[in-house]
Amino acid sequence: MKESLLQVRGLKKYFPVRGGVFLRRIGNVQAVEEVSFSVERGKTLGLVGESGCGKSTVGQTILKLHKPTAGEIFYEGQDIAAMNRAELKAFRRDVQIIFQDPFESLNARHTVSRILEEPFVIHEMGTAAERRRWAGDLLNRVGLQVDALDRFPHEFSGGQRQRIGIARAIALKPKLVVCDEAVSALDVSIQSQVINLLMDLQREMNLALIFIAHDLAVVKHVSDDIAVMYLGKIVEQADAQEIYAFPRHPYTKALLSAIPIPDPSRRGERIILSGDVPSPIHPPNGCRFHTRCPHAVDQCRSVEPTEELVNEGHRVACHFWNELADRNAVG
Ligand code: SF4
């Protein structure tokens, strides 16, 4: 069987909640709970869910920005927790991240040249002249002029700054880039330009992407596979065409129903979810979605659904996915 570029198995990440005079641990934010998925070379996984569902924590844990509470992450078949120094250095070169807010993630006091040369400096690559030339090449690659090298991040628009963030992320020719809400802060027209740029780079470099977003509309045209997260768990995953045509989980159906469809004859009924996402400090018993699910019954409140196979590659965690198959279908 072909080895996936990245495999995540049973990933858990809890953050401590502290209180009292001595700031003792009094609970946990259960940010990520038993998350498993894989990412193939050159392909895109869309990781979708409302804010606070744990999707960014998943992305950051893959990059070792957080230590997992439990679970395993394999990169090219190797457990990243067991990597030695040299392997870790190679991993850090291969796996990069693009953040939501390019203004926050780019050092405002550094010139674009310094920002783009930094990865080469850290990895001790090239002479000063070569690094400067490579930085210029990167700018061209993301559609910016070389004269931007001596300017500062605040001199650029949001879309241009995100292009600089992308240039920095691809500097070391990575194999996997985590796009953490990379286009969420941009205007819709700029969003599609940046998404197109990412897709062009993906084709040129055979890049794998994990595209984290809070709505399914953004990931629709970029993803090969989709995983939908709710309150720390993946509730449904399948290839993109399958999930848009045959969503099974009531939460996925609600997210899909929120995508604007210009043709009124193809519009389905909008499913409005009531209430807010519950606190990840005290997630509900049984199905975590039961407090907002229009189909919840007693069983949902006490028994947690396990992932079931709908068909090859399509998994869903709902007791009643089969019975609900024809309801709330999205056009
Ligand atoms: Fe809704 Fe019950 Fe399915 Fe959870 S298990 S999604 S509450 S129907």
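Worth saying up front: this structure is predicted, and the values here are computed from it rather than measured. Both counts, for ligands and for their atoms, begin at 1 and track the order of listing.
Here E304 pairs with K233 in a salt bridge; the nearest charged N to carboxylate O distance falls below 4.0 Å.
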K55 and E50: CA distance, side-chain angles, deciding distance, salt bridge (charged side-chain N to carboxylate O under 4.0 Å, His left out) verdict: CA-CA 9 Å; K55 56 195 188 303; E50 286 161 290; over 6 Å; no
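The single protein non-hydrogen atom nearest to atom 2 (Fe) of ligand 1 is C300 SG, 2.3 Å, given as residue, atom name and distance. Of the protein's non-hydrogen atoms, the one nearest atom 3 (Fe) of ligand 1 is C318 SG, 2.3 Å. Of the protein's non-hydrogen atoms, the one nearest atom 1 (Fe) of ligand 1 is C293 SG, 2.3 Å. Among protein heavy atoms, atom 5 (S) of ligand 1 sits closest to H319 N, 3.4 Å.
Ligand-side atoms of ligand 1 in range of H290: 7 (S), range being under 4.0 angstrom from any heavy atom. Annotation for ligand 1: atoms under 4.0 Å from non-hydrogen atoms of F320 are 8 (S). For ligand 1, the atoms closer than 4.0 angstrom to any heavy atom of P250 are 6 (S).
When H314, K253, R248 are each tested for a side chain to side chain donor-acceptor pair (under 3.5 Å) with E236, only one passes: H314.
Taking backbone and side chain together, C287 holds an N, O or S atom under 2.8 Å from atom 4 (Fe) of ligand 1.
Side-chain contact between R141 and E204 is present, with at least one heavy-atom pair separated by less than 4.5 Å.
Ligand 1 has H249 within reach: a non-hydrogen atom of the residue lies less than 4.0 Å from it.
In this structure, H249 has its ring center at least 6.0 angstrom away from the ring center of Y230.
A cation-pi arrangement is found for R151 relative to F156, the charged atom lying closer than 6.0 Å to the ring centre and inside a 45° cone about the ring normal. Under the 6.0 Å distance and 45° angle rule, K220 counts as a cation-pi partner of Y244.
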